[in-house]
*Asks:* 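Just dropping this structure here.
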Amino acid sequence: MIEVTGLAKRYGTFTAVKDLSFAVRPGEVLGLVGPNGAGKTTTLRCLAGIIPASAGTARIAGHDIATDPVAAKRTLAFFPDEPRLFDYLTVRQHLAFVARIYGVTHHEALAQSLLEELEIADKADELPGALSRGMKQKLAIACGLLHSPSVMFFDEPLTGLDPLGIRRMKDSILARARAGATIVLSSHLLHLLEEVCSHVLILKKGEKIADGTLADVSARFANGEANVSLEEIFIRATGGTES
Amino acid sequence: MLGALLYLRLTSLRNLLRMRLLRLKQPKYLVGAIVGAAYFWFFFLRRAFIPPVNSPSMAHGMSPELQTLPMMFLALPLVILGLKRVIEAWLAPDDKPGLAFTEAEVAFLFPAPLTRRMLVHFKLLGSQVTILFSSLLIGLVATRWVALGGNYPQHVVGAWVIFSTLNLHITGAAFTVKRLIDGGVSKARRQAAVTAIILGFLALAAFVAWQTATPPTAADTASPLRLIAYATHLTDTGVLYWLVLPFKIVLRPFLADDTAEFLRALGPALLLLAAHYVWVVRAETTFEEASIALAEKRTAQLAAMREGKYRLGAAPAKARPGPFRLNAAGGRPELAFLWKNLLSTNSYLRPRTAFITAFIIVVGCNWLAIQPRPQPKLLVVTIIAGITAGYIAFLGPQFARQDLRSDLVHADILKSYPLHGWQVLLGELLTPLAILTSMLWLALLAFALSFEPPNLPWLTPGLRLVGIGASALVIPLLCALQLLIPNAAAVLFPGWMQATRHRGERGIEMLGQRIIFVFGQLFVIVIALLPAVLGAGILIFVLQWLVGLVVAVAITTIAVVVILGAEIACGLWWLGQRFERLDLAAELRP
Ligand SMILES: Nc1ncnc2c1ncn2[C@@H]1O[C@H](COP(=O)(O)OP(=O)(O)OP(=O)(O)O)[C@@H](O)[C@H]1O
Ligand SMILES: [Mg+2]
């Protein structure tokens, strides 16, 4: 469960996100879309407690991220757009480290099954330097999933994966949502978002233009036409120009 | 084409400077800059530009001996470090490149239609920026060293000559090694040959010295300065003169006493520098024109480079087993950081090594003690232990950097963990803390076992025991306090730290900055220790009348531990707060 009210983030005098409110319930997948620089990454970083918001509140699984960050972070996982890994830890050691940080008991079996699910089990004893970009991303995902988070934030999760990887990623996101997880993801790959998300939120210059279920948002910008693609909606909603 | 490279260098430099200036718009950086500038002015600049006109300054009252000792304390490791770099360059494992390129440079320059020679020049030009900056700083430090003679411009040029020659030599060595590898010379053979040459050199030097030199007189050994003079004189004669000539040529401009001597020394030094330059460029050319048989291999290599797979300057990372078993259940999460960061250190920095060293120290000291005349030998152990402890205590925190300083790039990930800021900081501190503490404890052990106390009535065995115990207790706290300072700098001024973390520039060229940091750190630590020291003094003075010296020291130690512990706890908590609010992305913008 994610509840955001009046969230704003200012960098100096520049406002990157303003007065953003929305809620995502367990089982829902919210797609955050918007032109480059719309404030998607900023929003996700605020929600994950990496940077403090300038105004507004965000409750993650019932915990306020500003006043009770540790409890909130225990339930969430954040996946940055660029996988950030430790140079000197092997794949398996990454998982051991994360298990200790989150206090995951008996992580070995879980780690192994995650690595197999993500198809990097054969690289378990390699350092990140020896992994391809997609594999690094998979490792970052395995690290994030180890403590079975109930809230997940993905920043551009589908970029850099191979077609099979994208399919797997989509399936795995859907499976976790069905299992009751609350998921927010940002992406520019709109045709893929359509297949994964139950809801969308369109941002432009830090402001919410529209949000709701895919059908609702489509209806708003479809002008009565049928079968309008998310891409078309996106372009209509954001005025077709870069922010 | 070189124009484009020059443009890249100069614009990058200009933008870097501009960004630094713009950053001063943030109050915290402005305050930091003012404090830094004041420190710099009072300790270095003032001396360099305003000669201390018969002011009864402290330095004037001191004998040259006393002034020289701290500088020698700093100079010795630098010399050793420089030699180590040179030897490493020749011994190098084959995957070490001669030039380190950043990822952007690989992406932009390698696919571009540039000759390798241009790339070499580009890199050499780039390292000149760091070298010039470092020389300016080293010059400031050297000018405070009155006994050295010379003046600021001489020291700057002298340092520049040393650094540039060193840099060229290491690059040339790397190219030459690469050629040897391509020529089919095996690693083992090359390393054996290099080792043999070094050992042969040392043996020859020792032999010649042994044969020809007059043994040092008592006057020669009276003080370190005299000893240096004696050694210098030794190398002025016979074969030894020729053996050490290259080193002397490089060092002489820096060490020159006056302008005339400096100018005389500069000519040969510049010639040697030019010879090095020619060597580097030629080694590169022949590398390029090497046999056609190797062309295929090189194409593959180049293709790998162009894909960005050829990780120049990257860590020689090798997968290793964890330093200890990390079972997740129920342990403190901070220990996970210790485990992780130890993995990034040399694999000999493990508890096992500490135990073996301790064993050797215990056995060795006891063996010495049962020898017929143990005194002088034990005294040598005591002195070595003391000097080592001094190095570790003062320079250690600048060199053991497996903490937040090297993890700052991961700040986002660290902050998404369910930990308080102070927990992350504490966890990050643990690795250098463990390393420095164990080293200091080992030094203390050697000291305690070898120290033969003078016959003072008040220095009872009981007091010695309590003193050693007190030192052992205070050491980790002192290390923690020392380590907090550079980590605080990393959290408070990441915009500055980041810029000094360029890959491939961690070498000897950065020493200027390091030295300035060491002095600054010393300054801060003295202030931080003031309450504890004052409190301890008063306590000991009062208590020794009441309960005797031994108990007084014991009680005082507890008080000191409490004070330092409280300081560390406050520091950690405060820095943790700052860390929680840190936005690295925002800090790195102007
Ligand atoms: N640390 C920062 N300091 C100042 N401005 C920032 C900072 N981070 C982001 N911004 C600005 O905030 C705005 C939103 O950035 P953000 O990274 O959230 O965009 P985004 O929607 O994720 O874009 P993209 O689709 O390119 O990933 C941009 O204008 C950016 O320049
Ligand atoms: Mg983004």
Side-chain angles (χ1 to χ4, degrees), chain A residues 9 11-12 14 16 41-42 45-46 48-52 63 69-80 82-108 111 124-130 132-133 140 143-144 146-147 153, chain B residues 25-26 307-309 311 314-323 325-347 402 406-407 409-421 423-424 427 503 577 580-587 589-590:
Chain A
K9 179 67 191 176
Y11 293 110
F14 175 77
T41 302
T42 305
R45 295 215 306 152
C46 284
I50 290 169
I51 50 175
H63 309 285
V70 173
K73 284 174 184 174
R74 229 182 270 291
T75 63
L76 70 81
F78 173 69
F79 304 92
E82 274 293 323
R84 306 230 168 81
L85 301 169
F86 300 108
D87 293 341
Y88 295 94
L89 265 60
T90 64
V91 169
R92 213 190 290 284
Q93 284 166 342
H94 267 92
L95 292 164
F97 174 68
V98 171
R100 178 64 171 263
I101 295 286
Y102 285 89
V104 181
T105 47
H106 307 299
H107 73 280
E108 285 89 355
D125 294 312
E126 299 275 7
L127 292 173
S132 73
R133 191 188 175 286
C143 288
L146 195 64
H147 67 287
F153 300 107
Chain B
K25 276 197 300 196
Q26 296 180 41
E307 283 171 24
K309 274 188 200 141
R311 283 302 178 94
K318 234 170 60 186
R320 296 209 210 98
R325 258 196 68 76
L326 187 75
N327 44 351
R332 305 256 347 151
E334 292 89 345
L335 285 180
F337 286 94
L338 175 64
W339 182 86
K340 169 180 92 60
N341 289 346
L342 269 180
L343 267 172
S344 73
T345 62
N346 264 319
S347 55
Q402 297 83 6
S406 38
D407 238 359
V409 278
H410 295 118
D412 271 16
I413 285 298
L414 300 181
K415 293 179 77 177
S416 75
Y417 293 150
L419 302 174
H420 296 285
Q423 286 182 298
V424 175
R503 196 193 272 165
Q577 297 277 309
E580 281 172 21
R581 259 175 280 142
L582 170 77
D583 179 1
L584 199 59
E587 293 279 349
R589 292 173 181 237

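Chain identifiers are assigned alphabetically (A, B, ...) following the order of the sequence lines, protein sequences preceding nucleic acid strands; residue numbering begins at 1 within each chain.
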*Asks:* As an exercise, state the distance from CG of B/L338 to CZ of A/R100, rounded to the nearest 0.5 Å.
*Replies:*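 Reported value, rounded in 0.5 Å steps: 9.5 Å.
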*Asks:* Would you call A/L89 and B/W339 a side-chain contact if the rule is heavy atoms closer than 4.5 Å?
*Replies:*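 A side-chain contact under 4.5 Å exists here.
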*Asks:* Given a strict heavy-atom distance threshold of 4.5 Å, which part of A/P80 is in contact with chain B: side chain, backbone, both, or neither?
*Replies:*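 Looking at A/P80, just its side chain touches chain B.
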*Asks:* Which word best sums up how the rings of B/Y417 and A/Y102 line up, parallel for under 30°, tilted for 30 to 60°, or perpendicular for over 60°?
*Replies:*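 It falls in the perpendicular class, over 60°.
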*Asks:* Specify which of A/K73, A/H147, A/E108 makes the most heavy-atom pairs with chain B at under 4.5 Å.
*Replies:*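 If we count pairs closer than 4.5 Å to chain B, A/K73 comes out on top.
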*Asks:* What part of A/R45 gets closer than 4.5 Å to chain B, counting heavy atoms only: side chain, backbone, both or neither?
*Replies:*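 A/R45 touches chain B through side-chain heavy atoms alone.
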*Asks:* Contact part of B/H410 toward chain A, heavy-atom cut-off under 4.5 Å: side chain, backbone, both or neither?
*Replies:*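 It is the side chain, since no backbone atom gets that close.
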*Asks:* Are B/V409 and A/R84 packed together at the side-chain level, in the sense that at least one heavy-atom pair is separated by less than 4.5 angstrom?
*Replies:*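 Result no, sub-4.5 Å side-chain heavy-atom pair not found.
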*Asks:* Which heavy atom of A/I51 sits nearest to which heavy atom of B/D583, and what is that distance?
*Replies:*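 Closest approach of A/I51 to B/D583, heavy atoms only: CG2-CG, 3.2 Å.
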*Asks:* If you define the side chain from C-beta out and look only at heavy atoms, does anything of B/P418 sit under 4.5 Å from A/I101?
*Replies:*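 Yes, their side chains come closer than 4.5 Å.
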*Asks:* So which part of B/L343 gets closer than 4.5 Å to some heavy atom of chain A, the side chain, the backbone, both or neither?
*Replies:*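 Contact with chain A involves both backbone and side-chain atoms of B/L343.
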*Asks:* Looking only at heavy atoms, which two atoms of A/P52 and B/E580 are closest? And how far apart?
*Replies:*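 It is CD-O, 4.4 Å.
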*Asks:* In Å, rounded to the nearest 0.5 Å, how long is the span from CZ of A/F79 to CD1 of B/I413?
*Replies:*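 Going from CZ on A/F79 over to CD1 on B/I413, the span is 9.0 Å.
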*Asks:* Which answer fits B/L414, side chain, backbone, both or neither, if we ask what part of it has an atom under 4.5 Å from a heavy atom of chain A?
*Replies:*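 The side chain, not the backbone.
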*Asks:* Given a strict heavy-atom distance threshold of 4.5 Å, which part of A/F86 is in contact with chain B: side chain, backbone, both, or neither?
*Replies:*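 It is both, since atoms from each part get that close.
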*Asks:* What heavy-atom pair brings B/K415 and A/I50 nearest, and what distance separates the two atoms?
*Replies:*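 So the minimum-distance heavy-atom pair works out to NZ-O, 2.7 Å.
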